[in-house]
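Worksheet: the structure to be examined is printed underneath.
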Amino acid sequence: MSPKTVIGVDVGGTNTDAVALDAAGRVLAAVKRPTTEDVTGGVRAALDALGEHVTRASRIVVGSTHATNAVVQRRGLGRVAVLRLGAPSGASVPPFTGWPADLRASVDGGVAHVRGGVLLDGRPLTPLDEDAIDRFLDKVADGGGVDAVAVTGVFATSDGSQENAVRERVLIRCGPEVPVSLSHEIGGPGLLERENATILNAALAQVVRMLTAAVDGHHPGIPCYLAQNDGTVMDAAHAARFPVLTIGSGQANSVRGAAILAGIGDAIVADIGGTTTDLCVLTGGQPRQSTVGVTIGGIRLAVPMPDVLSVPIGGGTIVHGTAAEPRLGPRSVAHAITSQALVFGGGTPTLTDVARHAGRTGIGHTTPGRRFHDLLRGALPLLDARLAEAVDVIGGGRGRLPLVLVGGGAPIADPAGEVIRPEHAGVAAAVGAATAEAGGRAEAVVPLGVRHGPAMAAAERQAVARAVAAGADPARVRVTEVTETPLSYLSTPAVRLRVKAAGPLVG
């Protein structure tokens, strides 16, 4: 067995998948285990099932929907003290604006809006009000009950020195055990979306620690990495600082894994699970990124995410209505499919039963029976039409790309056109995690003119440095993406600059 074995783990809502890959990226072993309530149990069970492959591993890479689920379900989040630099500007739109009341109640550990911030070109908007900051931090330290601090300055992406100065004051006033999240290290120029991402980053620290603890406590000495939203990874120490970057990693991993398993760079990927089908365009072997902000748990965030279309079609989707007017979902039996679906002896018609009835799959141990014959037959064209419509929407009418089907529910689909069903499609997300490079990003608003060139070079250096900090080999890291978006609403002509860098992991 090769000592270069790499382990990939994908923690889903129902199952935790794990794969072992050799140095050439071939799948040596693949397993599925139920995801447990505390997450760690499912991860350890999956790693145990891989046996000797884990002891020979050079690294373990974990992708997960755990951070997203923590936000959506309001569980396991830390309480965050929030500092905004920029008063009196923006006073009418305070921190936590637009947050659902129950999510804010879980996270809000106090808010202070003080003088500070910078202009678009990096010049100070107002001097930093150090006295007000110290008074707030003293209350935080004395009152207790706060797990982290989030700091967001106006246009801090142009110059983060004020936020850095606040971090030093938190260290002095609250001690090194209180982590600090700085907005210029996390999000783009939009104040509210960047602030929301920074607050959630601070609140998610414990969630990510649980994932890394599941590996470190069970297999000490094997380097652990966590998958990021954009299809790259970061080491455990970097993930502890930027847990919000793990939101959406499961979808990105699935798309990358599909590309690797299918041996294709440009395609539409459909990951069919038990409850939903997630579709994304694959470009050059990487998931297409969303150009707009995303909404997680009811709040807007400015973090890089794959451009994913989710439709409520999965193997566990409940079929109801009549044979003449069948209806699909949106409810699903999800993880209870093995007891509730007709093909497993249950009494609930699902899309897995539709596929079995049509002869697309042999899953299950019994036939659906004549009672549901007409309903299942009537639902089949509706299933095909829904999936075809979703493929057309995500493809954007750019011509027919090959369709790669992955996920445990893939057998229910029989679409027209070129379709690829790769081997090990059921564990594509774990394969994507295991094969990812380390990555880093930088964003800035850059005025046009003589400063454009130097600002571009500085952003590229920052992205490369962040990729190296995430675990990339300094000798092999490179800039992989540069995007400039004109900002016509500013008085000074400027562009929003996004730079991405990536490289193979060290070792």
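No hydrogens, no waters, no symmetry mates; every other heavy atom, side chains included, goes into these values. These numbers come from a predicted model, not from an experiment.
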State, yes or no, whether a side-chain contact exists between V311 and T276 at a heavy-atom distance under 4.5 Å. no

Rounded to the nearest 0.5 Å, what's the gap from OG1 on T435 to CG on L505? Could you check? 10.5 Å

Applying side-chain contact (heavy atoms from CB on, under 4.5 Å), run through I222 and V54 and close with a yes or a no. CA-CA 9 Å; I222 301 177; V54 179; 4.2 Å; yes

Taking only Lys NZ, Arg NE, NH1 and NH2, and the carboxylate oxygens of Asp or Glu, determine whether R498 and E481 approach each other closer than 4.0 Å. no

Go through it in stages, so that I can follow the logic: the residues are T16 and T35, the test is side-chain hydrogen bond (donor to acceptor under 3.5 Å, both in side chains), and I'd like the CA-CA distance, side-chain angles, deciding distance and then a yes or no. CA-CA 5 Å; T16 295; T35 297; 2.9 Å; yes

Under 3.5 Å: donor-acceptor pair, side chain of D235, backbone of Y225: no

Yes or no on side-chain contact (heavy atoms from CB on, under 4.5 Å) for E163 and V180, after CA distance, side-chain angles and deciding distance? CA-CA 10 Å; E163 290 188 352; V180 185; over 6 Å; no

So, the side chain of S249 versus the backbone of T246: is there a donor-acceptor pair under 3.5 Å, distance only? yes

Check ion pair E484-R496 (N to O, under 4.0 angstrom): no

Residues S310 and D278: side-chain donor-acceptor under 3.5 angstrom: yes

Determine whether L204 and V71 make a side-chain contact, defined as any pair of heavy atoms from C-beta on separated by less than 4.5 Å. yes

Check: R59 side chain, P223 main-chain N or O, donor-acceptor pair, under 3.5 Å: no

Show the nearest heavy-atom pair for residues L182 and N164, with the distance to one decimal. CD1-OD1, 3.3 Å

Tell me which one of L279, T277, L403 satisfies side chain to side chain contact (heavy atoms under 4.5 Å, CB included) with L387. T277

E195 and S183: side-chain donor and acceptor closer than 3.5 Å? no

Flag the pair R209 / P243 as yes when at least one side-chain heavy-atom distance between them is below 4.5 Å, and no otherwise. no

Applying ring pair (Phe, Tyr, Trp, His ring centres under 6.0 Å), which residue pairs with at least one partner in residues 71-102 are found, sequence neighbours left out? F96-W99

Taking atom types as modelled and ignoring hydrogens, do the side chains of T198 and S181 form a donor-acceptor contact shorter than 3.5 angstrom? no

Residue pair V427 / D10, side-chain heavy-atom distance below 4.5 Å: no

Where L328 and T317 come nearest, the two heavy atoms and their spacing: C-CG2, 4.0 Å

Kindly indicate whether the side chain of S254, heavy atoms from C-beta on, has any atom under 4.5 Å from the side chain of V406. yes

Spacing of R466 atom CZ and R441 atom CZ [to the nearest 0.5 Å]: 10.5 Å

Determine yes or no for a side-chain-to-main-chain donor-acceptor pair under 3.5 angstrom, with S332 supplying the side chain and G316 the backbone. yes

Find the distance between OG1 (T232) and CG (L226) and round it off to the nearest 0.5 Å. 11.5 Å

Evaluate the side-chain proximity of R75 to S106: yes if any heavy-atom separation is below 4.5 Å, no if none is. no

Donor-acceptor pair, distance only, cut-off 3.5 Å: does the side chain of H219 make one with the backbone of R44? no

Please determine whether a side-chain nitrogen of the Lys or Arg among D147 and R79 lies less than 4.0 Å from a carboxylate oxygen of the Asp or Glu. no

Check the pair E437 / R478 against salt bridge (Lys or Arg N to Asp or Glu O under 4.0 Å), numbers first and verdict last. CA-CA 11 Å; E437 296 183 317; R478 76 276 181 205; 2.9 Å; yes

When you look at CD of Q206, are more than 12 heavy atoms from neighbouring residues, nucleotides or ligands closer to it than 6.0 Å? yes

Determine yes or no for a side-chain-to-main-chain donor-acceptor pair under 3.5 angstrom, with D129 supplying the side chain and V114 the backbone. no

Note: A81 and V140 closest approach over all heavy atoms is CB-CG2, 3.7 Å

Nearest heavy-atom pair of A165 and L128: which atoms, and what distance? CB-CD2, 4.2 Å

Which pair of heavy atoms, one from T212 and one from A236, lies closest together, and at what distance? CG2-CB, 3.8 Å

Donor-acceptor pair, distance only, cut-off 3.5 Å: does the side chain of Q228 make one with the backbone of V233? yes

Derivation and outcome, side-chain contact (heavy atoms from CB on, under 4.5 Å), residues I7 and L21: CA-CA 6 Å; I7 305 299; L21 305 184; over 6 Å; no

Side chain proximity check, V464 to V499, heavy atoms < 4.5 angstrom: no

Which atom pair, heavy atoms only, marks the closest approach of V39 to L211? CG1-CD2, 3.3 Å

Give a yes or no answer on whether the side chain of R84 reaches the backbone of G90 with a donor-acceptor pair at less than 3.5 Å. yes

side-chain contact (heavy atoms from CB on, under 4.5 Å) for K500 and D230? Distances and angles first, verdict last. CA-CA 9 Å; K500 177 180 175 181; D230 62 357; 3.5 Å; yes

So, do V495 and H452 sit near enough that their side-chain heavy atoms are less than 4.5 Å apart? yes

Nearest-0.5 Å distance that lies between atom CD in E193 and atom OG1 in T152: 11.5 Å

Under 3.5 Å donor-acceptor, N15 side chain and D17 backbone: no

Among all residues two or more places apart in sequence or in another chain, which pass the salt bridge (Lys or Arg N to Asp or Glu O under 4.0 Å) test with D108? R104

Output yes when a side-chain donor or acceptor of R194 lies under 3.5 Å from a complementary backbone atom of G153, and no otherwise. yes

Nearest 0.5 angstrom please: T97 OG1 to I299 CD1, how far? 11.5 Å

Say you draw a straight line from CD of Q162 to OG1 of T126; how long is it, rounded to the nearest 0.5 Å? 6.5 Å

R167/E185 ion pair, N-O < 4.0 Å: yes

